[in-house]
2 protein chains.
Amino acid sequence: MKIKNDILSCRTCVYRQLLFKDLNDFEYKLVNDSRTEMLYKRGEVIKNEGDQVNSFIYLRKGLVKLYKTDSNGKDHILSINRPGDFISLLSIFADEPYRFSIAALEETLVCDVKLDVLQHLIETNGKLAMHLFKKMSQISDEIIENQFEQAQKQVKGRVAHLLLYFANHVYHKNEFYLPLTRREMGELISITTENTIRTFSEYRKDGIIDQQGKTIKILDYDRLVAINKGG
Amino acid sequence: MKIKNDILSCRTCVYRQLLFKDLNDFEYKLVNDSRTEMLYKRGEVIKNEGDQVNSFIYLRKGLVKLYKTDSNGKDHILSINRPGDFISLLSIFADEPYRFSIAALEETLVCDVKLDVLQHLIETNGKLAMHLFKKMSQISDEIIENQFEQAQKQVKGRVAHLLLYFANHVYHKNEFYLPLTRREMGELISITTENTIRTFSEYRKDGIIDQQGKTIKILDYDRLVAINKGG
DNA sequence: TTTTAAGTATGCTATAAATCATCTATTTTT
DNA sequence: AAAAATAGATGATTTATAGCATACTTAAAA
């Protein structure tokens with residue numbers, strides 16, 4: 001991890017309006033001055049389960065996984081997050097240490113705002129509070145929706161769902177470099193590494209996807225949608 | 001459903017301090033005056049997926065299920081909620097219709113506060129906003145924790161987890177009347193009705209639980225904890 | 001009260017998925 | 001650059017779970 005000194009201003013941040021659009025100049029300066037930026041390389045752990053929560057973090061660049069390790073040492077990925085996702089927003093007000101770990105899946109730029117600054121702003125700026133509530137509701141809706149989708153699907157359907165998720169909600173195109181190992185994909189959709197690999201092989205054989213290493217291309221989108229629906 | 005006219009005052013509500021403890025007399029009156037109370041019988045649907053969200057609802061008495069129906073007509077229960085749980089709190093600010101249905105599992109008394117009143121209070125009372133944020137974070141932590149537990153368990157572990165959940169977090173004792181059918185339990189932990197019944201039979205045979213109809217008694221708590229841990 | 005429907009219970013069978021084993025390819029580390 | 005570790009691939013086997021069938025019981029509806 002490398003702390004950046006030449007940090008960018010919130011004023012020029014593309015994500016500013018996602019969160020801080022309702023701040024006046026004074027409030028905005030408060031955020032900007034209490035802020036640090038950190039750069040993480042692929043594989044680096046940003047937060048560890050059990051760490052104290054004393055800041056609100058969000059991504060300006062990169063991709064991360066939120067995960068937990070079970071009693072057998074097996075990891076379970078809760079979600080994959082990219083800029084604009086406001087990782088940890090849901091959890092930071094619970095007065096509890098982090099209940100999951102966060103690691104970078106590619107070079108990731110993290111913006112860190114002290115929690116007491118955010119808390120002060122919430123208590124004094126009702127518009128910001130409502131904005132945050134709305135964001136939290138949307139995130140939780142996604143979690144619930146995802147849980148529901150998972151519950152009704154088995155291996156083939158889950159892999160299809162995963163591919164469609166990355167195509168539609170992360171990369172917004174049908175060809176993308178996905179910096180996840182097959183094991184990590186399995187950890188995300190709760191199936192074994194072998195079955196993840198096997199299903200990819202099958203989809204390749206059936207001409208549903210093309211794949212060169214970690215670059216995936218969806219060839220037959222409709223078929224994938226059908227598999228996703230069917231289970 | 002029956003609208004109650006002899007509604008109780010928020011002032012005497014045991015759940016008041018869970019949410020509205022930071023209100024002054026004027027604010028408190030706002031809430032109290034915009035409030036309606038409704039009584040639902042077992043089986044009645046309180047909200048339907050797709051319904052417009054225009055109020056914050058919470059339970060004063062009873063037990064409900066939050067659920068969604070999939071494309072095959074199969075229900076999936078997202079959570080079971082009791083008074084104090086603030087059902088729907090997470091979702092109400094998303095500006096979207098309900099993404100799940102809510103139904104009463106036993107006679108349930110629902111308190112309904114207009115959303116615009118709550119929204120106005122949030123924007124003007126920072127303490128209330130922070131209080132709500134904290135509550136939302138706690139709820140989402142529970143959802144995440146539950147998802148994590150589910151993912152690593154199979155049938156026997158899931159049933160054990162379910163029993164421990166009701167014993168520890170809902171009824172706070174080892175003997176309780178659980179107004180859920182075996183099918184509903186299966187819908188909650190994503191296993192078939194047959195496997196739910198089979199596992200109950202097995203636990204009965206092994207002396208882990210005793211069971212008369214819907215009354216369940218945990219006889220060997222430690223064994224259940226061990227099964228829960230083991231998977 | 002009788003009829004119908006829904007819930008509980010169990011055995012059997014089919015199927016899906018995990019586990020185990022082995023091999024090759026690709027990264028990472030030294 | 002060589003060695004070691006990790007990732008990807010695939011077949012064979014075992015295990016877990018779903019699905020189907022059927023009987024009995026309890027609750028709801030006519």
Side-chain angles (χ1 to χ4, degrees), chain A residues 41-44 65 70 72-77 103-106 150-162 177-206 209-216 227 230-231, chain B residues 41-44 65 70 72-77 103-106 150-162 177-206 209-216 227 230-231:
Chain A
K41 287 199 287 277
R42 169 172 169 73
E44 280 190 293
K65 62 173 174 181
D70 71 19
N72 302 314
K74 205 174 166 319
D75 279 356
H76 297 262
I77 297 179
L105 293 166
E106 58 184 42
Q150 289 272 334
Q152 35 176 315
K153 287 186 206 321
Q154 28 201 27
V155 169
K156 288 183 220 317
R158 289 187 189 182
V159 174
H161 188 251
L162 174 103
Y177 178 88
L178 187 58
L180 285 170
T181 63
R182 299 290 189 267
R183 182 163 54 80
E184 285 174 317
M185 293 184 209
E187 287 168 359
L188 179 58
I189 57 179
S190 298
I191 64 174
T192 55
T193 309
E194 291 95 323
N195 274 333
T196 311
I197 293 171
R198 252 188 278 269
T199 308
F200 267 85
S201 298
E202 196 187 315
Y203 287 171
R204 243 183 291 127
K205 241 175 265 162
D206 293 351
I209 60 165
D210 185 25
Q211 177 224 329
Q212 306 291 328
K214 290 195 163 42
T215 300
I216 294 165
I227 295 169
Chain B
K41 285 199 290 277
R42 168 170 171 74
E44 279 190 293
K65 61 173 175 181
D70 72 18
N72 302 313
K74 205 176 167 319
D75 279 355
H76 298 262
I77 297 179
L105 292 167
E106 57 183 44
Q150 289 272 334
Q152 34 175 317
K153 287 186 205 321
Q154 27 201 30
V155 170
K156 288 184 221 318
R158 289 187 189 182
V159 174
H161 188 250
L162 174 104
Y177 178 87
L178 187 58
L180 286 170
T181 63
R182 300 290 190 267
R183 181 163 54 79
E184 285 174 317
M185 293 185 208
E187 287 168 359
L188 179 58
I189 57 179
S190 297
I191 64 173
T192 55
T193 309
E194 291 95 323
N195 274 333
T196 311
I197 293 171
R198 253 188 279 271
T199 308
F200 266 85
S201 298
E202 197 186 316
Y203 288 170
R204 241 183 292 127
K205 242 174 266 161
D206 294 351
I209 59 165
D210 185 26
Q211 178 224 330
Q212 305 292 328
K214 289 194 163 44
T215 301
I216 294 166
I227 295 169

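Bear in mind the structure is a predicted one, so any value in this text is a computation, not a measurement. In what follows, chains carry the letters A, B, and so on, assigned in the order in which the sequence lines appear, proteins first and then strands, with residues in each chain numbered from 1.
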**Report entry** Closest-nucleotide 5' rank along DNA chain D - winner of A/Q211 and A/Q154
**Finding:** A/Q211
Query raised in the report: Would you call B/E187 and B/R183 a salt bridge, taking side-chain N to carboxylate O under 4.0 Å as the test?
Result: yes
Query raised in the report: On a plain distance test, is the side chain of A/R198 in donor-acceptor contact with the base of D/dG8 below 3.5 Å?
Result: no
Report task. Please answer whether the main-chain N or O of A/K156 pairs with a side-chain N or O of A/Y203 as donor and acceptor at a distance below 3.5 Å. Result -> yes
Query raised in the report: Does the side chain of B/R183 get closer than 4.0 angstrom to OP1 or OP2 of C/dA6 through an N or O atom?
Result: no
Query raised in the report: Rounded to the Å, how far apart are A/R42 CZ and C/dT28 C1'?
Result: 12 Å
Query - Side chain of B/S201 - closest among C/dT10, C/dA18, C/dG7 - result: C/dT10
Query raised in the report: How far does CG of A/L188 sit from NZ of A/K65, to the nearest 0.5 angstrom?
Result: 10.5 Å
Query raised in the report: What's the CD-C1' distance between B/Q212 and C/dT8, to the nearest Å?
Result: 14 Å
Query raised in the report: Once you round it to whole Å, what is the distance between C1' of D/dT6 and CD of A/E194?
Result: 14 Å
Query raised in the report: Between D/dA7 atom P and A/K214 atom NZ, what is the distance in whole Å?
Result: 8 Å
Query raised in the report: When the distance from NZ of B/K74 to C1' of D/dG19 is rounded to whole Å, what number comes out?
Result: 12 Å
Query - Length of the line joining B/E187:CD and C/dG7:C1', which is rounded to integer Å - result: 13 Å
Query raised in the report: So which one's nearest nucleotide on DNA chain C is more toward 5', A/T192 or B/F200?
Result: B/F200
Query raised in the report: Between the base of D/dT26 and the side chain of B/R182, is there any donor-acceptor pair under 3.5 Å?
Result: no
Report summary line: Closest to the 5' end of DNA chain C, once A/N195 and A/G213 are matched to their nearest nucleotides, is A/N195
Query raised in the report: Under 3.5 Å, is there an N or O donor on one side and an acceptor on the other linking the side chain of A/R204 and the base of D/dG8?
Result: no
Requested in this report: State, to 0.1 Å, how close B/M185 and B/L162 come at their nearest heavy-atom pair, and which atoms those are.
Outcome: SD-CD2, 3.8 Å
Requested in this report: Count the heavy atoms belonging to other residues, nucleotides or ligands that lie under 6.0 Å from NZ of B/K41, then report whether that count exceeds 12.
Outcome: no
Report task. May I have the distance from B/Q152 (atom CD) to D/dA16 (atom P), rounded to whole angstrom? Result -> 17 Å
Report summary line: Taken to the nearest whole Å, CD1/A/I191 to P/C/dT19 is 12 Å
